[in-house]
Engineer: 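Structure incoming, see below.
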Protein chains: 2
Amino acid sequence: MTARMSLKKLSTHLGLAEGTVSRALNNYPDISAKTRKRVQEEAIRLGYSANPLARRLATGIAEAVAYIMPESHSSISEPFVSQLLTGLGDSLSQRGWDLLVTQSVPAEDEPEMIRKLVTSGRVSGVVISRPHKNDARIKLLQSAKFPFIVHGRSLQSEDYAWYDVDSEKAFGDAVDHLVALGHSRIGFVGAPTYYTFAQARLDGYRNTLVANGLPSDDNLIQICELSDDGGERGAGHLLDADNPPTAILCTTDVQAFGALAAIRARGGVPGKHVSVIGYDGLRIGRHTNPPLTTLAQPQAHSGRQLGDMLLAIIDGGDPKNFQELRSAELLRRQSDGPVWTERVQQAAQPHLPQC
Amino acid sequence: MTARMSLKKLSTHLGLAEGTVSRALNNYPDISAKTRKRVQEEAIRLGYSANPLARRLATGIAEAVAYIMPESHSSISEPFVSQLLTGLGDSLSQRGWDLLVTQSVPAEDEPEMIRKLVTSGRVSGVVISRPHKNDARIKLLQSAKFPFIVHGRSLQSEDYAWYDVDSEKAFGDAVDHLVALGHSRIGFVGAPTYYTFAQARLDGYRNTLVANGLPSDDNLIQICELSDDGGERGAGHLLDADNPPTAILCTTDVQAFGALAAIRARGGVPGKHVSVIGYDGLRIGRHTNPPLTTLAQPQAHSGRQLGDMLLAIIDGGDPKNFQELRSAELLRRQSDGPVWTERVQQAAQPHLPQC
DNA sequence: AGCATTTCCGAAAGCGCTTTCGGAATCAAG
DNA sequence: CTTGATTCCGAAAGCGCTTTCGGAAATGCT
């Protein structure tokens, strides 16, 4: 590999001052069209491109944003991270910016990590996932007046940018759907409610229950961790109680996988004896036993969207103008069905809705 | 946020020269223990830490490495990416280095992207995944004498660093296992063989077949894409042919999920009528129908390992000394079983091995 | 032709650090 | 009390760019 071309070499080669060449390359208006053309052509001919580190130091623009990895309690790799990063990378690469991935080290807490990140000047903005209802990171970034965007929302979400899916509404839809299928005892496998999304989904479940004239029974609610094991435990408790639910709503697909297992372990057939509905729309849900009915969020391009919005904010846009709420749709596969009774069973085999 | 502390301010505050303070902070031996202590304490008291961009420019060390995202043909998000990044991040953060995630933009090819990345000076090393048998990226990095490590191997792997799992051996083990269960017609759902891992797994399958005195029949081999749909198509072709296999080996778990679906779609019971074995050890395989028997690779800390090795190479270590071959283990769940025959069925219900 | 503009480029001062080099102060030895 | 060797720190030159500023050259005007 030949010695890297520098501005200095390029400028002496062209017989121009460094500053002139720099301005020509950056399309300053005070450079004649002729020399600008000459400079730019020679630059690409010699394969010159400015050293990003030097440029960043000189301009004070980091040309990079950081994605804060969600804390991974249970070493469950988040299935959405890869997709989100791809989208983010797409968005940033159009501008030639870098995507950093960071996580807090065990020794220090996350706000401290973010504080260091922000003050270090390594990045121009950050995106965070899975905010808590009262998220210290968000407050920190707000008070620092640092550009950021949230994948999700906290309780007070008026003053910053976010991209979220209305999971409260989604869970309402799911309850309506189950009620329409005849269910009146609907269980809920929740996640720790310091997560905003966990609270929202619980609210959607509860509120829609009452809206349908059904009681909201706390015995039908289990809060457990965001893993298949968590879901299995939670659903297990529900099923083992007196007067168990005939349907179970789970906060995430991964939990729902565990719920399916819990039902099968007790000799039941999910979708027949007990309905299960998850949330996320993971493709992998097509392969569970039975295929999982789920609330599918349109996360195909959420990363792209987050990136574009963050860039707009870094460019000076008002964060308040970048708040996007998408909605999830019920994707019926085979884990939901009409409420099961002996009568129905004798009359006819309960039909399984098709995917 | 108060104005960021700079070396200059800190040094005038201390009544020392900038250079002196810098050397004190960096533990140069020519600074007296007394002043060094004074400087370091005052630095942390005032919350000073060097601007990374300036340091990187001055030292010429990028203090960052890049992870090249595998090309995502089919928009299938790779389940292992998240875990790998976590491990990589762990390793790098100990040194305070950054982790960049990059991918090639549609407009340019991957080697070109890597060339730019390397010459830009933004990173001190790169890690790449899923190498081809004859990988242009590897050649490029080798000829540039740039520090890198490969997650996997190419055909010629003597001269660079890699971390890989012996999937040839793993597939041999799987064939032995199936033969021991009585199978003699074993199908193979492969991936494009420009991927080294795809070729290795195919080789392991073929060679072990002959080693067991069985013919290697090309009609039992289907090459298809790395997705559940690909696996379903491939397995479907196998099953629809004359004299179909009684067991199917799949290159990845995701493909195996599709194979399970193909069997079920034809009225068969995977693990009973037709055995299926995947590769990856994805946790999600516990929830398929039936739970997938798989070759589990110990990828829990592969990211960490890759990071540590790359750092050692950047520090001047000889890449040849950093080659690590791990092995995968057969994780029996319920998609494999003895070869199915009418006789066996009449004699007794085929038993399903437990997870 | 003469003056006021405008156009275009060179020079220089940073950006915030690191690192080499040399000299002043300190020390031990004669 | 010298001398030579050490110890410790200051000064300055970068790293490779950007950007402001001022002036020379070219242009417009009357």
Side-chain angles (χ1 to χ4, degrees), chain A residues 2-40 42-43 46-64 96-98 116 119-124, chain B residues 2-40 42-43 46-64 96-98 116 119-124:
Chain A
T2 118
R4 183 173 159 69
M5 181 58 96
S6 70
L7 222 212
K8 190 175 190 175
K9 280 196 282 188
L10 178 61
S11 57
T12 63
H13 172 85
L14 283 163
L16 290 173
E18 286 185 51
T20 307
V21 175
S22 171
R23 274 171 292 146
L25 258 18
N26 293 324
N27 291 312
Y28 272 57
D30 68 339
I31 301 292
S32 71
K34 207 178 68 183
T35 57
R36 179 183 327 176
K37 181 160 173 287
R38 188 168 73 97
V39 170
Q40 292 182 346
E42 201 63 5
L46 298 181
Y48 170 80
S49 66
N51 178 325
L53 264 50
R55 189 196 321 124
R56 293 171 188 187
L57 178 60
T59 61
I61 299 172
E63 300 178 359
W97 283 27
D98 285 336
K116 279 188 184 164
T119 60
S120 76
R122 283 175 298 164
V123 296
S124 304
Chain B
T2 117
R4 184 174 158 68
M5 182 58 95
S6 69
L7 221 211
K8 191 175 189 175
K9 279 195 284 185
L10 178 60
S11 58
T12 62
H13 171 85
L14 283 163
L16 292 173
E18 285 187 52
T20 306
V21 175
S22 172
R23 273 172 294 146
L25 258 19
N26 293 324
N27 291 314
Y28 272 56
D30 67 341
I31 301 291
S32 72
K34 206 179 70 182
T35 57
R36 180 182 326 175
K37 182 159 172 290
R38 189 167 72 98
V39 170
Q40 292 182 346
E42 200 63 6
L46 298 181
Y48 169 80
S49 66
N51 179 326
L53 265 50
R55 189 196 322 126
R56 293 170 189 187
L57 178 60
T59 61
I61 298 172
E63 300 180 358
W97 284 28
D98 284 336
K116 280 188 184 165
T119 60
S120 76
R122 282 176 298 165
V123 296
S124 304

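Atoms considered below: every heavy atom in the structure, side chains included; atoms not considered: hydrogens, waters and symmetry mates. Residue numbering restarts at 1 for every chain, and letters A, B, ... go by the order of the sequence lines. These numbers were taken from a predicted model, which means no experiment stands behind them.
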Engineer: Rounded to the nearest angstrom, tell me the gap between atom NZ in B/Lys34 and atom C1' in D/dT7.
Structural biologist: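 Roughly 13 Å, once rounded to whole Å.
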Engineer: Could you tell me whether the side chain of B/Asn51 has a donor or acceptor atom within less than 3.5 Å of a complementary atom in the base of C/dC15?
Structural biologist: no
Engineer: Check the pair A/Trp97 / A/Ile61 against side chain to side chain contact (heavy atoms under 4.5 Å, CB included), numbers first and verdict last.
Structural biologist: CA-CA 10 Å; A/Trp97 283 27; A/Ile61 299 172; 4.1 Å; yes
Engineer: With a 4.0 Å cut-off on heavy atoms, is A/Gly15 in touch with a base, just the backbone sugar-phosphate, or nothing at all?
Structural biologist: sugar-phosphate
Engineer: To the nearest 10°, let me know how far the axis at one end of the helix from C/dA1-D/dT30 to C/dT26-D/dA5 is tilted from the axis at the other, five pairs an end.
Structural biologist: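 Nearest ten degrees gives 50° for this helix.
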Engineer: Rounded to the nearest 0.5 Å, what's the gap from CG on B/Leu10 to CG on B/Leu25? Could you check?
Structural biologist: 7.0 Å
Engineer: Just how far is it from atom CG of B/Leu16 to atom CD of B/Glu42, taken to the nearest 0.5 Å?
Structural biologist: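 These two atoms lie 10.5 Å from each other.
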Engineer: Test for a donor-acceptor pair under 3.5 Å between the base of C/dG16 and the side chain of B/Arg4, counting only N and O atoms.
Structural biologist: no
Engineer: Nearest to the A/Leu16 side chain among C/dC17, C/dG10, D/dT18, which nucleotide is it?
Structural biologist: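 Nearest to the side-chain atoms of A/Leu16, counting from C-beta on, is C/dG10.
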Engineer: Just checking A/Arg23: base, sugar-phosphate only, or nothing, at a heavy-atom cut-off of under 4.0 Å?
Structural biologist: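 Base, at least one base atom sits under 4.0 Å.
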Engineer: Closer than 4.0 Å, any side-chain N/O of A/Tyr48 to the OP1 or OP2 of D/dC17?
Structural biologist: yes
Engineer: For A/Leu14 and A/Arg38, run side chain to side chain contact (heavy atoms under 4.5 Å, CB included): C-alpha distance rounded to whole Å, both residues' side-chain angles, the deciding distance at 0.1 Å, then the answer.
Structural biologist: CA-CA 9 Å; A/Leu14 283 163; A/Arg38 188 168 73 97; 3.7 Å; yes
Engineer: OP1 or OP2 of C/dG16 sitting under 4.0 Å from any side-chain N/O of B/Ser6?
Structural biologist: no
Engineer: How do A/Thr20 and B/Glu18 order along DNA chain C: which one's closest nucleotide is nearer the 5' end?
Structural biologist: A/Thr20
Engineer: For D/dC8 and B/Thr35 - does any side-chain N or O of the residue sit under 4.0 Å from the phosphate oxygens OP1/OP2?
Structural biologist: no
Engineer: What is the nucleic acid contact for B/Ile31, judged by heavy atoms within less than 4.0 Å: base, sugar-phosphate only, or nothing?
Structural biologist: sugar-phosphate
Engineer: Whole angstrom is fine here: how far is it from CE in B/Met5 over to C1' in C/dC17?
Structural biologist: 15 Å
Engineer: Which distance, rounded to the nearest 0.5 Å, do you find between the OH of A/Tyr48 and the NE2 of A/His13?
Structural biologist: 13.5 Å
Engineer: Using a 4.0 Å heavy-atom cut-off, does A/Thr59 contact any base of the nucleic acid, only the sugar-phosphate backbone, or nothing at all?
Structural biologist: sugar-phosphate
Engineer: Starting at NZ of A/Lys8 and ending at C1' of C/dA12, how long is that distance when rounded to a whole Å?
Structural biologist: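 After rounding, the gap between these two atoms is 14 Å.
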Engineer: Using only side-chain N and O atoms of A/Ser32, determine if any of them is under 4.0 Å from OP1 or OP2 of C/dC9.
Structural biologist: yes
Engineer: Remember a base hit wins even if backbone is also touched, and classify B/Leu53 as base, sugar-phosphate or nothing at under 4.0 Å, heavy atoms.
Structural biologist: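 Result for B/Leu53 = nothing.
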Engineer: Once you round it to whole Å, what is the distance between P of D/dC15 and NZ of A/Lys9?
Structural biologist: 12 Å
Engineer: What does B/Gly60 touch in the nucleic acid at a heavy-atom separation under 4.0 angstrom: a base, only the sugar-phosphate, or nothing?
Structural biologist: nothing
Engineer: Going from CG on A/Leu53 to CD on A/Glu63, what distance comes out if it is rounded to the nearest 0.5 angstrom?
Structural biologist: 9.5 Å
Engineer: Is B/Arg122 salt-bridged to B/Asp98, cutoff N-O under 4.0 Å?
Structural biologist: no
Engineer: Give a yes or no on whether the backbone of B/Ala24 and the side-chain of B/Arg36 come within a donor-acceptor separation of less than 3.5 Å.
Structural biologist: no
Engineer: If you check the A/Tyr28 side chain, which of D/dC17, C/dC17, D/dT20 turns out closest?
Structural biologist: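 So the nucleotide nearest the side chain must be D/dT20.
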